[in-house]
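What follows is one structure encoded as structure tokens, with my remarks underneath.
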Amino acid sequence: MGLRSRLACAAADAATWASRKTGRGAGGMIGGLIANAIDPNLLQQLGQHRPTAIVTGTNGKSTTTRMLASALRTEYTVATNDGGDNMDAGVISALLAGRGREVIALEVDELHVPAIAKKLDAQVLVLLNLSRDQLDRVGEINKIERVLRECVEQRPDMTVIANCDDVQVTSVAWDAPNVVWVSAGAGFVGDSTSCPRTGGHIVREDVDANGEAGDWYAVKKLEDGREFRRPKPDWVITPAGLRIPAEVKTDPEGAKDGVHPLNLTLPGSANRGNAAQAIAAAVAMGVPFERAVTAAEKVDNVAGRYSTVQFEGRSVRLMLAKNPAGWQEALSMVDRTADSLVITVNGQVADGQDLSWLWDVKFENFEDVKVVAAGERSTDLAVRLGYAGVQHDLIADTVEAIRACPPGRVEVLANYTAFRDLKRALDQKTGTATSGAETGNAGTQEESH
């Protein structure tokens, strides 16, 4: 590195240390912001031509990246942004912290993928899903699809691990020379009713008898006459486990009917799909299949998500969601046998200030659970819950909302800044850090916007 780059690194290291020492944050952003201001070319130099995998998509980036990094660590030393800082500054901070490590695994915001993939010469791109997110920041998903498609077209040597159950992702990877198709599931299909290339209607078939995702196709052919339909997957997630390509070396005795067991610690069907893509990416980067599976199974929280905190006689489990698809999946993970459910929503920049998406989430069928609406936008949430027929209390302060719940098990579902603020409050009141208690995605996204 030249003098300017060395100065940028030194300044970033000092800022990160100061941020952590003073308790102002986890240091996942400030170092990168300062380093990039001093040397705009630093990111490319930090890559050092190391093998790099990028994970992107609307939902599941942090979880999939955590699983992928864990799998890669069974063979290599890994630089990764496990705090969830997924834009330029966060990526620079991660690479500064991971100088000298052998491989790189990063979650990257969808709109930042092209530039970061180019600067780091990414070898692997994992495409999870594309659905509506924060419309006041990223715009419509067709815009994101076009941005990612152009990135794939410009990097023909890059291996793309793509979810073929997602119409938008399939369009992005459709012409990729090196694509590995994974049937990771499509829990939310409300944004995939038409072909992003022609506008033609998408016809979907039901889940088959084995519980595997069904086929889909566009009624209108592409301009070159090809039919746009779900590709045949190389990897398939099923209720019984993971079906893998024949060429992947593994222990045949561990499989039943060609399906290998997958016993995750993390809950939910979406996380099984995330694991399938993380394992496929790890294998593409040279990790033996069994080691990749074992590593993915051991991941038990992601920056505090899914962690449980003991608070004043209550066992509080924390979950995070940010958009209709994520909320729908998170609601399916709520333990209906819990004593209470607190739903807390803010409307800060990091959350998206337009909360009209609340009306796309199905909040019905919580009749037997005590529900409390909380957060800065608790009134908006309460109106939606009222129309859903959910009996609830309204207590804006999330900690007080938890206190209003009877002693026992409390499920808490929060969006970005509500999750961040609650974690900080619980850390202060209990005198301990929640599991994986980085400031995390919530704080960093707000700063990045």
Side-chain angles (χ1 to χ4, degrees), residues 53-68 84 86 106-113 124-135 137-149 151-152 160-174 176 179-197 202 204 207 212-216 228 230-231 233-237 266 268-281 302 305 320-333 352 357 360-361 441:
I54 289 176
V55 178
T56 197
T58 309
N59 292 297
K61 291 188 290 290
S62 296
T63 301
T64 305
T65 304
R66 181 67 63 91
M67 290 178 173
L68 174 56
N86 60 27
L106 300 167
E107 68 161 281
V108 177
D109 177 85
E110 299 93 299
L111 293 178
H112 287 70
V113 167
V124 174
L125 174 63
V126 182
L127 295 171
L128 300 173
N129 49 70
L130 291 177
S131 63
R132 277 170 296 156
D133 202 352
Q134 301 153 7
L135 293 178
R137 179 177 75 88
V138 300
E140 293 291 343
I141 55 174
N142 284 348
K143 170 188 174 183
I144 301 172
E145 186 274 333
R146 290 191 295 270
V147 167
L148 292 175
R149 191 199 313 175
C151 172
V152 170
V160 181
I161 313 293
N163 178 8
C164 65
D165 295 325
D166 187 290
V167 173
Q168 299 282 342
V169 164
T170 300
S171 179
V172 171
W174 184 254
V179 61
V180 177
W181 295 109
V182 181
S183 176
F188 184 86
V189 298
D191 296 325
S192 297
T193 57
S194 62
C195 172
R197 296 189 176 213
I202 296 292
R204 289 185 176 272
V207 174
E212 299 177 15
D215 196 10
W216 58 260
F228 183 67
R230 178 179 180 260
D234 303 292
W235 299 69
V236 181
I237 191 67
L266 296 180
S269 58
N271 282 327
R272 291 174 65 79
N274 293 336
Q277 292 195 253
I279 293 167
V302 182
R305 305 171 200 180
L320 179 146
K322 63 175 183 174
N323 49 51
W327 276 85
Q328 211 60 65
E329 180 63 28
L331 285 169
S332 73
M333 298 182 197
W357 55 263
D360 296 319
V361 181
N441 229 11

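Both backbone and side-chain heavy atoms feed into the values below; hydrogens, waters and symmetry mates do not.
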Self-check item: Least distance between heavy atoms, N59 atom then A325 atom
Solution: ND2-CB, 3.4 Å
Self-check item: Qualifying residues under salt bridge (charged side-chain N to carboxylate O under 4.0 Å, His left out), relative to E145, sequence neighbours excluded
Solution: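 Partners of E145 by the salt bridge (charged side-chain N to carboxylate O under 4.0 Å, His left out) criterion, ordered by chain and then number, come out as R149.
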Under 3.5 Å donor-acceptor, [X] side chain and [Y] backbone:
| X | Y | result |
| --- | --- | --- |
| N129 | N163 | no |
| D166 | L130 | yes |
| R197 | S171 | yes |
| S332 | E329 | yes |
| W216 | C164 | yes |
| E107 | N86 | no |
| D360 | P324 | no |
| Q277 | I161 | yes |
| D234 | W181 | yes |

Exercise. Check whether any side-chain heavy atom of V152 lies under 4.5 Å from a side-chain heavy atom of W174, and answer yes or no.
Key: no
Quiz item: Side chains of T63 and N274: do they bring a donor and an acceptor to under 3.5 Å?
Solution: no
Quiz item: OG1/T56 to CG/L128 distance, rounded to the nearest 0.5 angstrom?
Solution: 7.5 Å
